[in-house]
Amino acid sequence: MVDTAESPLLRAGAEAVARDELWEALRIFERAVETETGDLRLCALVDLAVVIDRLGNHATAVERFREALGEMSSDAPRMYPGALIGLSQALQNLGDLDGAQEALERARAALGRADAPGDLRLACLVSSTAVAAHRQHWWRVLDLAGESLEAARRFGPERVGHSLMNLAAAHFETGRWELAQDFAGQALAAFEAVNDSAGVAETRQNLASMYLRTGSLDDAEPLLAAAQEHFEAAGAAHRAGIGLKVMGFIAEHRGRPEVAQARYREALHRFEESRAVIDAADVRLRLAAMAFTAGRFEEGESELAAARATYSVRGLGLHCAQLDYWHAGLLEPLVAQVPGLLARAVDLAVPAALALDAVRYELPDGAQRDTWNRRIVNPALRLAFRYSYLAGDARLVADLIENQCAGSIVDIDRLSEAPPAPLDLFQPFEPPSESAAVHDALQLGTALAAVAAGAGLPVSPPPRVSVPPDGHIALSAWLDAAEQRYGRRVRAERVIPA
């Protein structure tokens, strides 16, 4: 921002943040805002907003960022774009992804000058990657994370852990679990090498979540415990809530439902206090599953409705599709007992399966499309087929079969078009890295990224299928329902005969 050597208070606050003494840093920056003037006061106000955000009070952080931005010149080469990037992070935590993206676009415009700070350009890339991840635009996450890895090599080797962790998350969510864990391991080594204790704790927490979701509970628990100890000591309420959610999931899988329920409720309380609404919705899914298992069906339906409303109002269509598939699965033990429930299960399962199926056509290579198909799409389609069969809807079953036989089409336009200009447009230079471990993480991370970006032909969504003898479009109403519910294109406009 500005030279903190000019202000003992700003320097002391920065040192407290480096020690993860966030409450002490908060006190110091509040005093600095009261006593400093000019740019030093604005810098203190931005630093205060950053600390408030890390403590989990995201709404107040947004207010402080906006207060600072309202008082500073848009020509401030570091402070203005830095404040916008911080504002974007706080808005992401609140679930305001449109606002977060708008702040990043303003930061990107401010960083368009040839002499713009490279470290802030990198921060803008990392934050843009996070927005894409929140939206589950995994193909975009992969592009941006790879680009930020190169930017980190040039502008901020000490921050390479963030780029590596974003790559890990994208590959994990698209089914390349071993590769994701490799990236996460390199991210952890990079943060450890530069003594970034917050980065280490976040990476441990993320890696623990990966181990948990692949069934490696014993590997997850020590990482999670170490991360939780850090976040609780630092007062980072939002991150501590994430840890409690994962602890609840472990307790659930260990057959300890009372402990799991308590962990989930405490996590939900932390998220609601922080107004981290997307994380709160994620916890509600687990609470809904436990309610259904315990026979508390009305409670489960209520939790699912609250979570879906959160996703829907923020335009998170893929989250809604995943929730509807999850909801349809929870109904399976009940469809034979409750009149009318089977029709509802069909209505949930079929559009959700079609929307999830469409995601694989957006992924950049064949290996990712294959793993997404096997691990995500096939279970969803099996459920859709099962419900359609139980409902005795022969036409729907036949249309689902025709739909699956349509296949993929190579996208010649995407194959031949020039790649988009990278976000980073600075002249290259090679800053020295003081840490061999960071250098190793960069080298291995770059090599892994090259392997992950193996050759693959871009494909378009499959065409719609005209089915004889009447020529109706297979699943026409269901395709329309999926596109309307989830705001995503699931089939091309082209029509071919069956």
Side-chain angles (χ1 to χ4, degrees), residues 49-50 52-54 56-66 69 81-111 123-145 147-148 162-163 165-167 169-170 172-174 202 206 209 238-239 241-242 245 268 270-285 306-324 355-356 358-359 362 423 483-489:
V50 170
I52 291 171
D53 192 46
R54 286 185 58 181
N57 190 350
H58 308 309
T60 301
V62 167
E63 293 174 2
R64 294 292 177 266
F65 279 123
R66 286 179 169 154
L69 286 163
L84 285 168
I85 294 167
L87 172 62
S88 173
Q89 182 60 58
L91 289 169
Q92 288 175 55
N93 289 328
L94 288 171
D96 184 359
L97 302 183
D98 290 338
Q101 185 63 48
E102 190 270 338
L104 288 174
E105 291 299 331
R106 290 168 61 194
R108 181 174 174 176
L111 292 167
C124 189
L125 268 171
V126 169
S127 197
S128 296
T129 311
V131 173
H134 282 302
R135 295 190 188 281
Q136 295 189 315
H137 293 170
W138 299 119
W139 66 99
R140 184 63 177 148
V141 175
L142 291 163
D143 285 344
L144 286 170
E147 191 177 333
S148 71
H162 297 287
S163 302
M165 197 59 238
N166 282 334
L167 280 167
F172 187 85
E173 296 297 342
T174 53
E202 289 184 18
N206 292 334
S209 296
H238 186 169
R239 271 289 172 178
I242 294 173
K245 177 183 71 173
L268 183 61
R270 300 280 184 101
F271 293 146
E272 289 179 338
E273 278 194 330
S274 297
R275 292 172 59 179
V277 293
I278 295 176
D279 286 294
D282 293 343
V283 174
R284 290 188 183 281
L285 297 185
R308 199 184 194 289
T310 296
Y311 297 146
S312 180
V313 76
R314 287 160 181 79
L316 300 177
L318 188 53
H319 283 73
C320 290
Q322 290 169 320
L323 184 151
D324 286 349
L356 293 171
V359 173
E362 300 166 346
L423 182 60
E483 292 186 343
Q484 182 177 358
R485 286 182 194 178
Y486 309 124
R488 304 174 66 90
R489 186 174 66 138

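Worth saying up front: this structure is predicted, and the values here are computed from it rather than measured. Residue numbers count from 1 along this sequence.
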Fill in: Non-neighbouring partners of Phe65 that pass ring-ring contact (aromatic ring centres under 6.0 Å, His included), sequence neighbours left out
none
Practice prompt. Could I get the full list of side chain to side chain donor-acceptor pair (under 3.5 Å) partners for Gln136, not counting sequence neighbours?
Written response: His319, Gln322
Item to complete: Please identify each residue that fulfils salt bridge (charged side-chain N to carboxylate O under 4.0 Å, His left out) with Arg275, with sequence neighbours left out.
Response: none
Worksheet entry | Listed partners of Arg284 passing salt bridge (charged side-chain N to carboxylate O under 4.0 Å, His left out), at least two apart | Glu272, Glu303
Practice prompt. Kindly state each residue pair satisfying salt bridge (Lys or Arg N to Asp or Glu O under 4.0 Å) with at least one member in residues 123-132, sequence neighbours excluded.
Written response: none
Worksheet entry | Non-neighbouring partners of Gln92 that pass side chain to side chain donor-acceptor pair (under 3.5 Å), sequence neighbours left out | Ser88, Ser127
Discussion item. Taking salt bridge (Lys or Arg N to Asp or Glu O under 4.0 Å) as the cut-off, I'd like each qualifying pair that reaches into residues 311-320, sequence neighbours left out, listed once.
Written reply: none
Discussion item. Using the salt bridge (charged side-chain N to carboxylate O under 4.0 Å, His left out) criterion, which residues pair with Arg54? Sequence neighbours excluded.
Written reply: Asp20
Response to the item:
Sorted by chain and residue number, the side chain to side chain contact (heavy atoms under 4.5 Å, CB included) partners of Arg485 (sequence neighbours excluded) come out as Arg308, Asp347, Pro351, Ala481
Item to complete: Kindly write out the residues that satisfy side chain to side chain donor-acceptor pair (under 3.5 Å) with His238, not counting sequence neighbours, or none if the list is empty.
Response: His58, Asp279
Discussion item. Under the rule for side chain to side chain contact (heavy atoms under 4.5 Å, CB included), what residues qualify as partners of Thr129, not counting sequence neighbours?
Written reply: Val141, Leu144, Ala145, Asn166
Fill in: Contacts of type salt bridge (charged side-chain N to carboxylate O under 4.0 Å, His left out), residue Asp53, not counting sequence neighbours
none
